[in-house]
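Accompanying notes for the structure given below.
Labels below follow one simple rule: chain letters A, B, ... track the order of the sequence lines, proteins then strands, and each chain is numbered from 1. Values reported hereafter were calculated over all heavy atoms of this structure, with side chains retained and with hydrogens, waters and symmetry mates removed. These numbers come from a predicted model, not from an experiment.
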Number of protein chains: 2
Amino acid sequence: MQPSTAAGNDVDPIIWRAIAGNSVQIPPVGSRVYYFPQGHAEHANSGSPVFLSLAIPPFILCRVLSVRFLADSVTDEAFAKIFLLPINQSDDNDVTINDDDADDDVEKDVVSFVKILTPSDANNGGGFSVPRFCADSIFPRLNFVAEPPVQNLVIRDIHGCIWEFRHIYRGTPRRHLLTTGWSKFVNSKKLVSGDSAVFIRKTRTGELYVGVRRATRGNDICQRWTSTLLRREQTSSAGTGEVRWRTGQGRVATEAVAQAAEMAARGMAFEVSCYPRAGWADFVVRAEIVEASSTMFWTVGTRVKMAMETEDSSRTACFQGTVSSVILPESGPWRGSPWRMLQAFEHGTVYDTALDLRVATEVVVEERTALKQLEFGRLSVVVVI
Amino acid sequence: MQPSTAAGNDVDPIIWRAIAGNSVQIPPVGSRVYYFPQGHAEHANSGSPVFLSLAIPPFILCRVLSVRFLADSVTDEAFAKIFLLPINQSDDNDVTINDDDADDDVEKDVVSFVKILTPSDANNGGGFSVPRFCADSIFPRLNFVAEPPVQNLVIRDIHGCIWEFRHIYRGTPRRHLLTTGWSKFVNSKKLVSGDSAVFIRKTRTGELYVGVRRATRGNDICQRWTSTLLRREQTSSAGTGEVRWRTGQGRVATEAVAQAAEMAARGMAFEVSCYPRAGWADFVVRAEIVEASSTMFWTVGTRVKMAMETEDSSRTACFQGTVSSVILPESGPWRGSPWRMLQAFEHGTVYDTALDLRVATEVVVEERTALKQLEFGRLSVVVVI
DNA sequence: TTGTCGGCCATATGCCGACAA
DNA sequence: TTGTCGGCATATGGCCGACAA
């Protein structure tokens, strides 16, 4: 099975990471991971996958053979295709090439800024109000002696397509704005208020990039606090029909899940597409994390803490909670599966950001979590406290 | 395996048939059919499917367990989900409920009209020039004493969504036009000149329906005579990106093909999605047709005739030709497969329509055909002459 | 510092009859 | 009968500073 190229060209990993979010974890080539078919199935776009053989283990140890960083041609979402080879438990040493230093270097090579779009930003006929920090740190400096100070920005999106924006500093009081070109971008990407725009600058070359993140709605706990309902959906029966892809939850074909699980269970190399989205669980998890968790004695009352990024990636906040139930299926096809074995009750959380997380303090977190389930914004790690 | 419901609601079979085209053949529930994995694979949207087991027979006898008439939520194409159970050759009697009479009755219950859109019809800011016959036979009669004669039409599309069009009879000389509402429809359905609109009226209730058929381009012989190139594609790198689905050829996920073929080979019930499109071969074919063809001694020089509908379904035309080669693979995974075993050379064709088929008289038909391959417009049957 | 609003201008949309194929 | 065009009215897009949060 060759990794298919039909989904488009590979994305520069540096840009990919900046657009997907800095806390997204993609296991490096050579590392050991566990593949969770149940988690994969949760990403299917319709129904439950059909497994030809009934004996699909709940988790399968694999080695990462390759990783491709890609972009969804319809939604612009960053996603990764990971090529996995099932391996034995005894094969327990990572063969990762340790290039952490190199990674750090290149990561410092970009600077990025995320803004959640206001209604004014996303309105038809409107421009984009550029926060001061973005204008100063990302965009080229304007010539402020001109009247008005103005320049044309040439920015590439995740596909490498070029977009042009007029960047002007005007108004009383003065502020930075993107005018001409912005509206076309918003319409083309089908952005609505609540979505985010990511502006990225490669510090060495000065090249500019722009990415989008869709507002997380319609999944799990996120659904409860969001006040923006299905504004992207067809509002009247005679609507334009152009935004229908918004209704689909999963991004992965049901049959692709079934096929991957089948091949994994047979010990054959297989490929999975991972869409890192807030509120969706990773189903390919570093083996070290799974193994550390499996040695933990989970019991009701265990207190846990979860670090996660806010939606605009500007800060990291914490969930704190108590495990309220531990469920390991005792029968059925998934007997003994740790997937979503934990359910936590959240309490007494201290946040260092106010806006986005405040409503969540009032709800019971019902997600069952093995390790990385309670995503909100993006979860980075679970710590027992 | 339950037929999934995620693709949308079922379409009224009468409306479905009128929109798909009257010559589209969907095998009835209970009938025996042959499933051709190779033909199915030709409908995959990327690469070649991965077959887990290598022994996939080239054709598998099945019984039709159920048929669902559906509509693609993105392209509005009519397609069918057919649920098939592999059966033995000895199980040779159809269990079809003979409801031909009933079918005939209901088919007479609708009247439809197809028009290929002119540039003026598909232009932005333009209306739709309603042919006289359509206005007379499909739309409600206007009040011609009014000045101008005008009415509002309320028409449902294949999804049941309501569209409103202003139908006016004006101009000098007088003619029927759809004005207000038409442009929104064209933009929403992404119609371009060359595509077709189908207007349907249920004679009993007077209810109106509208469907679309995309111009057949990019496949086989159709590609050679069409002069309209990829006008729907993104023209600039900063384009809107809204028409990208036009680039995809197949409509079926590669993994779905692999899974269906696997299950068919194992004798398990499976489901396939069939998109009846001109230029694409049916991969689920009535058993009687396949068996009749397999008793035929095919040889180079055999003269064949093929009836087919013109694109606007108004008339039936004929291809005539001579078999120029007969190829049965002698080795490889598809040894002995009849799929596309015939290649025909076209000659001396007599058409009873002029416009759409005339260029095809000048080309060599290179398609290899088992039975139903030389689709142009829509092929209905091959006859040895 | 930055989100939203009303004003105002430019452009695009879209209805029309004229005319010709 | 019907496809295409130019004219013209109107709607929408989109840039602007004012003002307030």
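For A/R170 and D/dG17, the shortest distance from a side-chain N or O to OP1 or OP2 is below 4.0 Å. Within the structure, every side-chain polar atom (N or O) of A/R174 is placed at least 4.0 Å from both OP1 and OP2 of C/dT1. Side-chain nitrogen and oxygen atoms of A/R132 include none within less than 4.0 Å of the OP1 or OP2 phosphate oxygen of C/dT2. Within the 4.0 Å cut-off from OP1 or OP2 of D/dG14, at least one side-chain nitrogen or oxygen of A/S183 is found. An OP1 or OP2 oxygen of D/dT1 is reached within less than 4.0 angstrom by no side-chain nitrogen or oxygen of B/K115. OP1 or OP2 of D/dC15 sits under 4.0 Å from a side-chain N or O of A/T180. Here B/T172 reaches the OP1 or OP2 of C/dA18: one of its side-chain N or O atoms lies under 4.0 Å away.
Between B/F133 and B/F113, the ring planes lie tilted relative to each other; the angle falls in the 30° to 60° range. Ring geometry, A/F144 versus A/H176: the interplanar angle exceeds 60°, so the pair is classed perpendicular (tilted spans 30 to 60°).
D/dA18 atom P lies 14 Å from atom CG of A/L177, rounded to whole Å. With rounding to whole Å, A/E147 atom CD is found 11 Å from D/dC16 atom P. The nearest whole Å value for the distance from the CZ atom in B/F128 to the P atom in D/dT2 is 10 Å. Separating the CG atom of A/D136 from the C1' atom of C/dT2 is a distance of 14 Å, rounded to the nearest angstrom. Taking atom CG of residue B/L178 and atom P of nucleotide C/dC16, one finds them 12 Å apart after rounding to whole Å. C/dT1 atom P lies 13 Å from atom CZ of A/F113, rounded to whole Å. The nearest whole Å value for the distance from the NZ atom in B/K184 to the P atom in D/dT12 is 11 Å. D/dT2 atom P lies 11 Å from atom CZ of B/F133, rounded to whole Å.
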Using Watson-Crick and G-U wobble pairs with both distances under 3.5 Å, what is the 5'-to-3' dot-bracket string of DNA chain D, with [ ] for crossing pairs and | for pairs outside the strand? |||||||||||||||||||||

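Closest to the B/T118 side chain, of the nucleotides C/dG3, D/dT4, C/dC16, is D/dT4. Comparing C/dT4, D/dG3, C/dC16 by their nearest atom to the side chain of B/S120 picks out D/dG3. In the set C/dC16, D/dT4, C/dT2, the nucleotide with an atom closest to the side chain of B/R166 is C/dC16.
A/F199 pairs with exactly one of A/F185, A/Y209, A/W163, A/F139 by the ring-ring contact (aromatic ring centres under 6.0 Å, His included) rule, that one being A/F139.
Heavy-atom nearest nucleotides on DNA chain C were determined for B/P173 and for B/P148, and the one closer to the 5' end corresponds to B/P148. With DNA chain C read from its 5' end, the first of the two nearest nucleotides for A/V130 and A/N123 is the one closest to A/V130.
A donor-acceptor pair is defined here as one N or O able to donate and one able to accept, closer than 3.5 Å; no such pair exists between the side chain of B/R214 and the backbone of B/V192. With hydrogens and angles disregarded, no donor-acceptor distance shorter than 3.5 Å links the side chain of B/R213 to the backbone of B/A197. A/Q151 places a side-chain N or O within donor-acceptor distance of the main-chain N or O of A/P140, the cut-off being under 3.5 Å.
Between the OG atom in B/S112 and the CD1 atom in B/I14 there is a gap of 11.5 Å [rounded to 0.5 Å].
Seen from the ring of A/F128, A/K115 counts as a face-on cation partner, given the 6.0 Å and 45° thresholds.
Taking only distance into account, the side chain of B/R175 never meets the base of C/dG17 through a donor-acceptor pair shorter than 3.5 Å.
Contact annotation for A/S129: backbone-only contact, meaning every heavy-atom pair under 4.0 Å involves sugar-phosphate atoms and none involves a base.
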